[in-house]
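Note that ligands are numbered from 1 as they come in the structure, with each ligand's atoms numbered from 1 the same way. Residue numbers start at 1 and run along the sequence shown.
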Amino acid sequence: MKIGIIGTGYIGLTEGLCFATLGQNVICYDIIKEKIEQLNKGIPTLYEENIEQMLKDNLAKKTISFTDDLKVVLSGSEIVFLCVNTPEDPKTGECDLSQILTSTESIAKMSEEIGNPFFILAIRSTVPVGTNKKVKEHMLKINPKLNYLQCSNPEFSRQGSAIYDFMHPDRIVVGVNDEKCKERMALTYKPLTDQNFQIFFTNIETAEMIKYASNTFLNIKIGFINEIADICEKTGANVEDIAKGMGMDKRISPMFLKPGPGIGGSCFPKDSIALAKMGNKLGLDLQIINSSVTSNIARKNSLAGRVINLSKDNNLEGKTVSLLGLTFKANTDDTRYSPALNLVEELAKKKVKVKAYDPHGIEKFKFMVDKSALDSIQFFENAYDAIKDTELLVIITEWDEFKKLDYKKIYDLIAQKTIVDFRNILDEKEIEKIGFKYYCIGKKI
Ligand code: UGA
């Protein structure tokens with residue numbers, strides 16, 4: 001099938017490559033010309049395992065191409081996936097639909113210009129319930145002769161494993177209002193349903209809500225285990241065994257029960273806030289959802305205090321700590337809502353300096369961190385340089401390479417011989433054998 005992708009960000013690019021690899025003919029569009037030029041040269045614009053090879057292979061096979069000309073996409077695509085960003089509106093906390101509205105406006109106008117060929121528009125971006133309806137009204141107002149069908153097709157891919165998640169979906173959710181659209185969407189996903197991956201058809205509003213409900217539910221699940229971890233730190237119960245013991249119950253499942261420094265990324269924090277706001281607008285007081293938002297912010301803001309309380313004399317003023325990890329999780333270069341941002345900004349307020357290293361996140365972190373904190377942080381090209389001459393070491397992202405460092409060598413590089421591991425990635429016994437004081441999440445301090 002001929003597939004058009006609007007918005008070549010995380011989802012647009014990885015899924016365009018996946019569809020191409022599955023044998024579909026894909027054309028990806030983006031308004032950023034430099035991005036298109038870079039991708040046409042075979043250079044990925046984001047970090048994801050195997051992405052470079054996939055891009056090169058599909059460009060060579062001509063199963064994918066990139067353009068900044070919307071006309072090319074609309075004149076040749078049977079299905080157009082809308083994959084633009086729907087970030088948090090910083091003023092209201094609601095979902096900012098400006099990219100959805102401007103891109104669908106362009107689609108409606110361009111379609112008219114080229115004689116209104118038939119296509120299906122699948123909205124893949126995360127949008128609040130009712131958005132598809134609004135988008136349709138908006139597009140038909142601009143171009144009443146628009147010859148298209150629209151459906152909601154939320155994505156469930158995680159950054160860092162977006163390609164794997166797309167190729168091995170737990171479910172493909174499609175919200176449709178008519179049979180023709182349903183048939184076409186079934187055909188688009190046939191390469192996956194032929195491998196027994198399931199497709200779930202429902203109505204449009206329900207599909208929109210499945211996405212918010214899923215992300216917010218997982219946000220609540222992680223927030224819950226983080227609170228259990230806090231109890232463990234005061235009582236001697238072991239949070240990892242608790243997660244294991246709970247997870248054995250099939251109704252609970254062991255997935256997304258890993259405690260950590262708080263939840264980051266461009267999805268869970270903003271989607272939970274947006275869902276809470278949706279409730280507000282409907283006159284509902286959604287207490288569980290609201291507190292999952294506030295408890296996560298509180299957790300991330302508490303990290304600096306936790307580190308200071310674990311230092312000698314509970315005081316790090318004027319001193320330097322080393323920080324391993326800046327991205328919101330491993331295997332991505334994304335630092336949006338990363339707990340490392342809160343940690344560095346709060347430490348800066350308390351006049352604590354930071355030497356930091358991350359294998360892929362430095363540039364994006366510099367862009368995201370509050371400018372007032374930039375003076376107190378230095379970035380390094382490798383972990384050992386970041387650790388040298390610091391008081392203690394903090395690990396905040398679970399990169400594999402941090403597990404493989406030479407901790408005997410690190411012992412001589414840090415003054416207070418203390419490691420704070422917010423991801424529980426190190427072997428407690430091994431680390432303590434070297435002589436470190438080792439603090440991790442959810443074990444007695
Ligand atoms: C999330 C969802 O997992 C995807 O299904 C969804 O498609 C995506 O949002 C989206 O809406 O586009 P993502 O934001 O990439 O994916 O990251 P996750 O792997 O879900 O992790 C989110 C945060 O929770 C990270 O900060 C991670 O470190 C944290 N986390 C996750 C934990 O602290 N513990 C866990 O057990 C799992």
Tell me, please: is G260 in heavy-atom contact with ligand 1, that is, under 4.0 Å?
no
Top protein contact for atom 35 (C) of ligand 1, by heavy-atom distance:
K258 O, 3.6 Å
Output the list of atoms in ligand 1 that are nearer than 4.0 Å to some heavy atom of C267, sorted by atom number.
8 (C), 9 (O), 10 (C), 11 (O), 12 (O), 14 (O)
Run the ring-centre check on Y357 versus F380 and record whether the distance is less than 6.0 Å.
no
Going by distance alone, is a donor N or O of one side chain under 3.5 Å from an acceptor N or O of the other, for Y164 and E49?
no
Are more than 12 heavy atoms from other residues, nucleotides or ligands located less than 6.0 Å from atom NZ of K190?
no
CD of Q198 to CG of D170: how many Å apart, nearest 0.5 Å?
8.0 Å
Row check, Y337 ring normal vs K270 NZ/CZ: under 6.0 Å, within 45°:
no
When only distance counts, is S266 in polar contact with ligand 1, meaning an N/O pair under 3.5 Å?
no
Answer with side chain, backbone, both or neither: which part of N226 has a heavy atom less than 4.0 angstrom from an atom of ligand 1?
neither
Note the single closest protein heavy atom to atom 25 (C) of ligand 1, along with its residue, its atom name and the distance in Å.
F328 CD1, 3.6 Å
Students should be able to answer this: which protein heavy-atom is nearest to atom 6 (C) of ligand 1, and at what distance?
S157 O, 3.5 Å
Electrostatic pair E346-K349, nearest N-O below 4.0 angstrom
yes
Counting from 1 in the order shown, the ligand 1 atoms closer than 4.0 Å to a non-hydrogen atom of I263 are 23 (C), 24 (O), 26 (O)
Should we say atom CZ of F201 is surrounded by more than 12 heavy atoms from elsewhere, each under 6.0 Å from it?
yes
Option with minimal heavy-atom separation from atom 17 (O) of ligand 1, where the choices are E155, K329, Q159:
K329
Report, in ascending order of atom number, the atoms of ligand 1 lying under 4.0 Å from any heavy atom of F156.
4 (C), 5 (O), 6 (C), 7 (O)
Nearest non-hydrogen protein atom, atom 26 (O) of ligand 1
G264 N, 2.9 Å
Among all protein heavy atoms in this structure, tell me which lies nearest to atom 3 (O) of ligand 1, with the distance rounded to 0.1 Å.
R158 CG, 3.2 Å
Among all protein heavy atoms, pick the one closest to atom 28 (O) of ligand 1 and tell me residue, atom and distance.
R423 NH1, 2.8 Å
Protein heavy atom at shortest distance from atom 2 (C) of ligand 1:
F268 CE2, 3.5 Å
Does the plane of the ring in F166 sit parallel, tilted or perpendicular to the ring in Y189? Use 30° and 60° as the thresholds.
tilted
Can you label the angle between the W399 ring and the H360 ring as parallel, tilted or perpendicular, going by 30° and 60°?
tilted
For T21 and N58, what are the C-alpha separation, side-chain angles and deciding distance, and is it a side-chain hydrogen bond (donor to acceptor under 3.5 Å, both in side chains)?
CA-CA 7 Å; T21 305; N58 283 296; 3.1 Å; yes
Ligand 1 contact by G265, heavy-atom criterion under 4.0 angstrom:
no
Would you mind checking which non-hydrogen protein atom is closest to atom 11 (O) of ligand 1, with the distance to 0.1 Å?
K211 NZ, 2.6 Å
